[in-house]
Amino acid sequence: MSVCAVLFRRVSGMSSSSSTVVYEGWMVRHGRRKIGRSFIHMRYFVLETRLLSYFKRKPQHKMPKLPIKSLHIDGNCRVEDRGLKMHHGHMLYVLSVYNKREKHHRITMAAFNIQEALIWKEKIEMVIDQQQGVVSPDGNTAFSSSQQNAGVENGRKSSSSDRDSQYSHEEEEEEEDNHRSLMRRTTIGNGLRIFEELQDVDYLARSCSRAMKAVGVVEASCEAIFQLVMSMDTTRFEWDCSFQYGSLVEEVDGHTAILYHRLQLDWFSAFTWPRDLCYVRYWRRNDDGSYVVLFQSREHPNCGPQPGFVRAHIESGGFNISPLKSRNGRVRTQVQHLMQIDLKGWGVGYLPSFQQHSLLHMLNSVAGLREWFSQSDESQILPRIPVMDNMALSVSSKKGKKTQDSTVQTSLPADESRHSTVEEESDEDEEFLLPESELEPSTRELDADGLDEEDSGEIDFSGFSGNLRRDDRDNSRDCWRISDGNNFRVRSKNFIYDKSKVPAGKPLMELVAVDWFKDVKRMDHVAKRKGCAVQVAAEKGLFSLAINLQVPGTTNYSMVFYFVSKKLIPNSLLQRFVDGDDEFRNSRFKLIPSVPKGSWIVRQSVGSTPCLLGKAVDITYIRGANYLEIDVDIGSSTVANGVLGLVCGVITTLVVDMAFLVQGHTYEELPERLIGAVRMSHIELSSAVVPVLED
């Protein structure tokens with residue numbers, strides 16, 4: 001068989017003395033030798049209910065062989081998405097499976113296309129969930145007998161969280177934009193809609209265009225469109241009329257790359273200089289099958305100014321590729337392409353039509369995608385990401401060498417020493433904040449663990465303080481405030497039957513303080529710091545929960561939220577979470593984020609999809625006598641690191657909402673209740689302080 005022909009076979013009823021084979025097939029082993037060269041080998045992988053192994057040859061049942069390597073699967077295992085790697089012109093989609101307690105012992109596997117890797121990823125995660133007691137042996141969520149088949153749609157496995165609808169955007173091509181006060185709608189041609197942002201922002205240059213977005217429906221799968229959008233070879237000419245040339249500058253990791261791009265703009269080309277770009281491209285795949293590809297300009301030492309070109313600047317841009325319900329048996333996908341760009345040059349200020357025309361020229365690529373797939377057989381598309389040339393400027397070109405094509409065909413190996421970890425595992429479909437004018441009073445039931453017992457007395461808030469100030473005014477900066485719980489939608493009492501959600505209502509705990517720290521090293525166990533809100537709560541006889549969001553970098557930052565309550569109700573979901581083991585906590589601790597104010601690229605990179613943090617990043621739980629501290633290491637995820645790279649540069653322009661909760665699974669655990677919610681407004685990195693930690 002050829003190297004590209006990766007075969008899979010699902011096996012049922014095949015058992016050994018200890019476990020059943022869940023999935024098996026040929027995959028690629030990808031790694032790097034001690035001398036630095038990467039290698040790939042075809043290996044036969046076998047996934048059992050408690051074991052993942054691979055062999056040099058397919059094992060025979062009559063003559064079993066010892067595997068080359070095996071990994072015991074339990075609830076502490078994680079599937080790490082390492083994204084795309086290049087090996088001698090072939091793009092591989094790489095996965096790594098490891099146990100969080102023994103990270104040095106891991107198995108790395110890869111496929112030549114995304115679909116094959118995703119099948120393995122889902123199967124392995126299903127086995128991990130079974131070991132956590134989250135998923136029943138048949139692969140469905142263990143809520144109740146009435147849900148045994150509710151989690152499977154179109155051959156995809158539902159996880160333990162809210163995939164309320166596999167196609168959450170199924171009618172979006174019929175709807176107006178949600179933010180009608182911010183966008184103006186225009187229709188060009190047959191079904192291609194153009195939106196322009198009406199609101200000007202004060203942190204961008206006057207020459208920068210307003211954000212514009214093109215929306216269209218393409219009859220092709222998300223994977224096929226994603227592979228075409230990621231290409232920078234000759235196939236791009238066929239659908240992107242603004243593309244002239246592209247090359248790879250640096251592969252940062254499997255989800256982030258620096259690219260060089262020359263634009264083909266037809267607006268009076270005889271009188272205007274051509275434009276080029278150097279930008280960072282970040283991508284991720286969401287759990288609902290959609291893809292987000294984001295662009296933002298970035299300077300790079302190997303991609304300086306090119307003779308004969310004006311370097312344009314992308315403030316924000318990218319693609320959002322979302323699945324729709326099929327129609328008449330045809331696969332459909334919604335493609336959104338947004339761009340906010342400053343074309344630079346003296347003519348931009350005097351000829352605004354130049355920028356407007358060029359931007360529409362670039363957005364027409366959505367129509368190009370639709371036409372390309374309407375005339376192409378998707379089944380004939382190569383099952384791998386097209387290869388890009390690499391780019392490196394010679395020293396002589398930096399000194400003024402008169403050449404426009406100073407690229408060389410060299411291979412830039414990925415930085416394997418860079419710590420790459422699990423992809424953001426969002427187990428929920430996208431949920432947007434409700435406009436305040438549309439909020440309705442919550443009519444949901446309160447369960448036996450509700451607020452009635454907790455409202456028996458008021459909490460004394462005196463003595464609580466953090467170094468980040470609280471300010472409840474709407475236009476305040478560098479501060480926090482309590483976000484209205486009704487802005488967030490959570491699982492209702494009847495969620496297991498009808499997938500309905502309701503406004504969250506009043507949280508279970510009170511947010512009393514926020515600390516904003518920085519240090520040269522990561523800050524763990526901040527609850528032991530003398531005088532912090534946890535210590536004050538203990539003196540008052542209160543229980544506290546400290547959530548420490550750890551942001552890595554040359555300078556390490558920590559945002560710490562302190563929630564308090566009078567007591568934990570025995571046998572409540574919150575009490576079982578606080579006193580449970582790490583496997584249970586990781587399977588239930590959920591974050592709902594949102595960016596009410598910020599650029600499109602930040603809103604897309606952060607998203608508003610609820611996320612089970614324990615499946616996405618490494619978390620350390622510290623249980624004290626009267627508190628629980630949750631240290632969330634955001635740096636343990638390459639996807640989260642990519643988001644941080646986009647967010648940190650514009651953090652002062654953002655308003656971010658976050659809600660924390662424990663996910664409910666059974667009827668008795670519903671409706672869900674928020675632990676607490678917070679709004680962070682225009683945070684300044686310079687306002688963080690160095691903590692004094694007491695041993």
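Atoms considered below: every heavy atom in the structure, side chains included; atoms not considered: hydrogens, waters and symmetry mates.
A side-chain donor-acceptor contact under 3.5 Å links Ser572 to the backbone of Ile569. Under a 3.5 Å cut-off, the side chain of Glu684 and the backbone N or O of Arg477 do not form any donor-acceptor pair. Of the possible donor and acceptor atoms, none in the side chain of Ser483 sits under 3.5 Å from a partner among the backbone N and O of Asp657. Here the side chain of Asp288 pairs a donor or acceptor atom with the backbone of Ser290 at under 3.5 angstrom. The backbone N or O of Arg50 sits less than 3.5 Å from a side-chain atom of His72, completing a donor-acceptor pair. Not a single donor-acceptor pair under 3.5 Å links the side chain of Arg82 to the backbone N or O of Val94. At least one donor-acceptor pair closer than 3.5 Å links the side chain of Lys493 to the backbone N or O of Tyr667. Formation of a donor-acceptor pair under 3.5 Å by the Gln550 side chain with backbone atoms of Met523 is found in this model. With Arg491 contributing its side chain and Lys499 its backbone, the two residues share no donor-acceptor pair below 3.5 Å. A donor-acceptor contact shorter than 3.5 Å is absent between the side chain of Asp484 and the backbone of Asn487.
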query = Going through the distances and angles, do Ser681 and Ser476 end up as a side chain to side chain donor-acceptor pair (under 3.5 Å)?
reply = CA-CA 7 Å; Ser681 299; Ser476 55; 4.9 Å; no
key: Pair Asn494-Ser500, side chain to side chain donor-acceptor pair (under 3.5 Å): steps then yes or no   = CA-CA 7 Å; Asn494 296 319; Ser500 61; 5.7 Å; no
ask   = What's the verdict on salt bridge (Lys or Arg N to Asp or Glu O under 4.0 Å) for Lys615 and Asp129, showing C-alpha distance, side-chain angles and the deciding distance?
value = CA-CA 10 Å; Lys615 288 189 173 183; Asp129 285 344; 3.2 Å; yes
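Note on Glu251 versus Arg281: no salt bridge recorded, every NZ/NE/NH1/NH2 to OD/OE distance being 4.0 Å or above. Arg588 has a carboxylate O that lies under 4.0 Å from a charged side-chain N of Glu669, or vice versa, which qualifies the two as a salt bridge. Salt-bridge formation is not detected for the pair Arg679/Asp474: no Lys NZ or Arg NE/NH1/NH2 atom is positioned less than 4.0 Å from an Asp or Glu carboxylate oxygen. Of the charged side-chain nitrogens involved, at least one lies within less than 4.0 Å of a carboxylate oxygen, so that Asp633 and Arg522 count as a salt-bridged pair. We find that Lys590 and Glu672 are joined by a salt bridge, their nearest charged nitrogen and carboxylate oxygen being less than 4.0 Å apart. A salt bridge is defined here as a Lys NZ or Arg NE, NH1 or NH2 lying under 4.0 Å from an Asp or Glu carboxylate O, and Asp579 with Arg623 meets this definition. Note on Asp515 versus Arg529: salt bridge recorded, some NZ/NE/NH1/NH2 to OD/OE distance being below 4.0 Å. Between Arg481 and Asp471 no salt bridge is recorded (no basic side-chain N to carboxylate O distance below 4.0 Å).
Side-chain contact check for Trp480 versus Leu511: some heavy-atom pair is nearer than 4.5 Å. Using a 4.5 Å cut-off on side-chain heavy atoms (C-beta onward), Val578 and Leu568 make contact. Taking the side chain as every heavy atom from C-beta outward, Leu338 and Ser316 approach each other to under 4.5 Å. In this structure, the side chains of Val534 and Tyr562 come closer than 4.5 Å at one or more pairs of heavy atoms.
In summary, the side chains of Asn320 and Tyr291 do not present any donor paired with an acceptor at a separation below 3.5 Å, with no hydrogens or angles considered. Donor-acceptor pairing under 3.5 Å is lacking for the side chains of Asp519 and Asn556. Asp631 and Tyr621 share no donor-acceptor pair across their side chains, judged by distance under 3.5 Å alone.
Of the candidates Leu612, Leu661, Ile547, Phe589 forms a side-chain contact (heavy atoms from CB on, under 4.5 Å) with just one, namely Ile547.
Between Tyr557 and Trp516, the ring planes are parallel. Angles under 30° get that label, and only those over 60° would be called perpendicular.
Note: His255 NE2 to Arg284 CZ = 10.5 Å, rounded to the nearest 0.5 Å. One distance of note links CD1 of Ile107 with CG of Leu95; it measures 12.0 Å at 0.5 Å rounding. From Glu510, atom CD reaches atom OG of Ser565 across 9.5 Å, with rounding to the nearest 0.5 Å.
Counting heavy-atom neighbours within 6.0 Å of Asn475 CG, excluding the residue itself, gives a total of 12 or less.
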